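Structure first, then comments.
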Amino acid sequence: MLDIKLIRENPDEIIRRLQTRGADFSVILEIVKWDEERRLLLTEVEAKKNFRNESSKRIGLLKREGKDTTDIMKEVGEANDQISQLDAKVAEIEEKILNVMNVLPNVPRETIKVGTSDTDNKEVRRWGEVRMFDFEPKPHWDIGTGLDILDFERGAKITGARFTVYKGAGARLERAIINFMLDLHTTKHGYMETLPPFMVNAQSMYGTGQLPKFEEDLFKVTPFDYYLVPTAEVPVTNMHANEILALDQMPVYYTAYTPCFRAEAGAAGRDTRGIIRQHQFNKVELVKFTTPETSYEELEKLTNNAEEVLKQLKLPYRVVELCTGDMGFSSAMTYDIEVWLPAFATYREISSCSNFEDFQARRANIRFRREQKGKPEYVHTLNGSGLAVGRTVAAILENYQNADGTVTVPEVLRPYMGGLEIIAINKK
RNA sequence: GCCGAGAUAGUCUAGCGGUAGGGCGCAAGCCUGGAAAGCUUGUGGGGCGUCCGCCCCUCGGGAGUUCGAAUCUCCCUCUCGGCGCCA
């Protein structure tokens, strides 16, 4: 949610910056008109309410004295009719404003490169040596089925397309990665581990910006008003909804493992093979609540924390800064971390780290106080994947594959795999 | 799922048809050599305004009754206790 005061004061500036996302936002000018109309009506109806309050007090006094109140009650009755009409008009305008405000994306930070798609993204840095194979590297789905650690057919049988069964060392590898990431972030990077609900209510989805605009991307748990989480960002950010944080407890760092559920509406035909794009996948998420003046510094640190996972796994990656046209709805600035996948011969997104500034905080009403008596201000919220677990498995299978079809286990994961060094075909 | 009790400002609590009172916390002022204590004032959201102020809203959410609702009626949500079911 954008600040209506900013829109009121500088509509042209807001329009200009929003339009770098590649859509038309002249509706902002409508909002400004409605907002002015709303305030005029408010002044009018509040004067009438003042009359009603004063009159009601007098009626009380007059009745106590046993005097006649017929005339004044008639006046209040008329005022009441006008009040209910004006109130209805105000509510109508407010709804109109809110309906538009709810689907307005965040304003990109001033420094973000203007562009229309991922081809305009700016590469910030690269890390690691891309491995040269002396054999033809196989895609992770061939490696996974060859070792019988990924079972796509049974996943489809049990549930449907884009669901996969992990078996034996594959299941253990997934679990090992989760534990490794959580341990790294909690012991080295200062995050508090949380294990939130995997379903949230509509209010929480609104708070982080998934609703009302992106309902078709979510799994709804009928007949409840609950949704399966598409990312731990939703439950963890909403942990502090409607709260006022104390300055001395900030910045707040949380990490959380959750499965993520995405309908992937509109993704038909893309990444249909393998585990790159699933309806259900695991992710370890990093979430921060910061003051406005430190949020961009915290974004750098958060991104570095996610990169550290890839460094320790010795997986080559690059970091790109998303252009205005490629950024998510709620974000003001986003870094994507892309891991090298040999079979695709390209870098693929494995983490997305964003600063939402006060966009989510305003929707979810998350504030902090600088001083005991000070006015509450909105916090800045940030999050990033640290990392997507399924895609990490895919990256390990492809980058660590051997000519005989086996896969070497990255050193840092071996303690989590009972010392296993090589994943060979499942014996049972 | 059933029965009961609750939800009041940062926090605790009173009020149960006349427009939110008190305690604590916090802040400012007075007092003081300085503090504590004490006393006074303030404490959420919004609107209007020549910055002095004025007004509206807010008692879990919504609808209704009334000149007037924290208070009465109905619906819903959540919390706590008991019973039932259950990994």
Side-chain angles (χ1 to χ4, degrees), chain A residues 1-9 31-99 101-102 195-207 211-212 220-227 235 238-250 252 259 289 358 361-379:
Chain A
M1 177 78 62
L2 300 178
D3 186 352
I4 184 82
K5 284 180 197 149
L6 284 180
I7 291 176
R8 190 186 295 158
E9 284 160 15
I31 294 180
V32 173
K33 270 191 273 177
W34 296 334
D35 176 55
E36 198 175 333
E37 194 182 342
R38 169 185 166 268
R39 282 178 296 144
L40 284 172
L41 285 169
L42 267 185
T43 307
E44 193 182 344
V45 71
E46 285 182 359
K48 291 194 192 299
K49 284 180 178 174
N50 179 237
F51 171 75
R52 176 177 68 187
N53 287 344
E54 295 300 324
S55 301
S56 292
K57 268 186 220 169
R58 276 204 311 179
I59 288 168
L61 291 173
L62 289 171
K63 281 200 167 173
R64 219 166 299 153
E65 293 169 12
K67 290 183 181 162
D68 177 57
T69 57
T70 318
D71 289 348
I72 186 165
M73 279 171 71
K74 196 181 158 209
E75 280 176 26
V76 173
E78 284 164 12
N80 267 334
D81 289 344
Q82 295 168 338
I83 287 170
S84 48
Q85 277 180 30
L86 288 167
D87 269 345
K89 250 194 239 176
V90 170
E92 192 187 316
I93 291 175
E94 283 180 344
E95 197 190 336
K96 220 157 53 168
I97 293 172
L98 196 64
N99 282 342
M101 296 279 287
N102 278 339
L195 185 60
F198 300 162
M199 296 181 206
V200 298
N201 58 32
Q203 184 63 46
S204 294
M205 285 295 186
Y206 175 81
L211 289 180
K220 177 116 196 253
V221 186
T222 55
F224 300 95
D225 192 21
Y226 297 155
Y227 297 83
N238 280 285
M239 260 206 303
H240 292 303
N242 302 311
E243 290 185 16
I244 298 175
L245 305 174
L247 186 64
D248 59 19
Q249 62 185 118
M250 294 179 48
V252 178
F289 301 81
D358 62 5
R362 187 170 283 108
R363 289 170 91 103
N365 191 29
I366 309 168
R367 295 173 295 173
F368 77 103
R369 243 192 268 274
R370 287 182 197 279
E371 295 159 28
Q372 288 284 3
K373 63 160 187 171
K375 277 214 166 206
E377 296 172 49
Y378 290 114
V379 302

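What you are looking at is a predicted structure, and each value in this text was computed from that prediction instead of being measured. Reminder, nothing fancy here: chain letters follow the sequence lines and each chain counts from 1.
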Atom [atom1] of [X] to atom [atom2] of [N]: distance rounded to whole Å?
{"X": "Asp87(A)", "N": "G47(B)", "atom1": "CG", "atom2": "P", "result": "16 Å"}
{"X": "Lys67(A)", "N": "C67(B)", "atom1": "NZ", "atom2": "C1'", "result": "17 Å"}
{"X": "Lys74(A)", "N": "G68(B)", "atom1": "NZ", "atom2": "P", "result": "17 Å"}
{"X": "Glu54(A)", "N": "C56(B)", "atom1": "CD", "atom2": "P", "result": "7 Å"}
{"X": "Met73(A)", "N": "G68(B)", "atom1": "CE", "atom2": "P", "result": "8 Å"}
{"X": "Tyr226(A)", "N": "C78(B)", "atom1": "OH", "atom2": "P", "result": "6 Å"}
{"X": "Arg367(A)", "N": "G45(B)", "atom1": "CZ", "atom2": "P", "result": "6 Å"}
{"X": "Asn80(A)", "N": "G68(B)", "atom1": "CG", "atom2": "P", "result": "5 Å"}

At less than 4.0 Å, is any side-chain N or O atom of [X] found next to OP1 or OP2 of [N]? Yes or no.
{"X": "Asn50(A)", "N": "C57(B)", "answer": "no"}
{"X": "Arg39(A)", "N": "C48(B)", "answer": "yes"}
{"X": "Asn53(A)", "N": "C55(B)", "answer": "no"}

Quantified in whole Å, what is the [atom1] atom distance between nucleotide [N] and nucleotide [M]?
{"N": "C57(B)", "M": "G1(B)", "atom1": "C1'", "value": "39 Å"}
{"N": "G15(B)", "M": "U8(B)", "atom1": "C1'", "value": "10 Å"}
{"N": "U19(B)", "M": "C55(B)", "atom1": "P", "value": "16 Å"}
{"N": "G81(B)", "M": "U65(B)", "atom1": "P", "value": "38 Å"}
{"N": "G84(B)", "M": "C3(B)", "atom1": "P", "value": "16 Å"}
{"N": "A70(B)", "M": "C16(B)", "atom1": "P", "value": "14 Å"}
{"N": "C85(B)", "M": "C76(B)", "atom1": "P", "value": "26 Å"}
{"N": "A28(B)", "M": "U77(B)", "atom1": "C1'", "value": "40 Å"}

5'-most contact on RNA chain B (nearest-nucleotide basis), Arg52(A) vs Ile59(A), goes to Arg52(A)
Using heavy atoms to find the nearest nucleotide of RNA chain B for Ala47(A) and Lys57(A) separately, return the residue whose nucleotide is more 5′.
-> Lys57(A)
Partner nucleotide, any strand, of [N] [Watson-Crick/G-U, under 3.5 Å]:
{"N": "U50(B)", "result": "none"}
{"N": "G38(B)", "result": "C30(B)"}
{"N": "C72(B)", "result": "G64(B)"}
{"N": "G81(B)", "result": "C3(B)"}
{"N": "U11(B)", "result": "G23(B)"}
{"N": "C86(B)", "result": "none"}

Do side-chain atoms of Arg38(A) reach the backbone of Ile93(A) as a donor and acceptor pair under 3.5 angstrom?
-> no
With no hydrogens and no angle check, is any side-chain donor or acceptor of Asn238(A) less than 3.5 Å from a backbone partner on Ser204(A)?
-> yes
Which pair of heavy atoms, one from [X] and one from [Y], lies closest together, and at what distance?
{"X": "Ala361(A)", "Y": "Val379(A)", "answer": "CB-O, 3.2 Å"}
{"X": "Ile72(A)", "Y": "Thr69(A)", "answer": "CG2-O, 3.2 Å"}
{"X": "Met101(A)", "Y": "Ile31(A)", "answer": "SD-CD1, 3.9 Å"}

Classify the nucleic acid contact of Thr43(A) as base, sugar-phosphate or nothing, counting any heavy atom under 4.0 Å across all strands shown.
-> sugar-phosphate
Under 4.0 Å between any heavy atoms, over every strand shown, what does Lys63(A) touch: base, sugar-phosphate, or nothing? Just pick one.
-> base
Side chain to side chain, Arg8(A) and Val32(A), heavy atoms closer than 4.5 Å | no
Is Lys49(A) salt-bridged to Asp87(A), going by a charged N under 4.0 Å from an acidic O?
-> yes
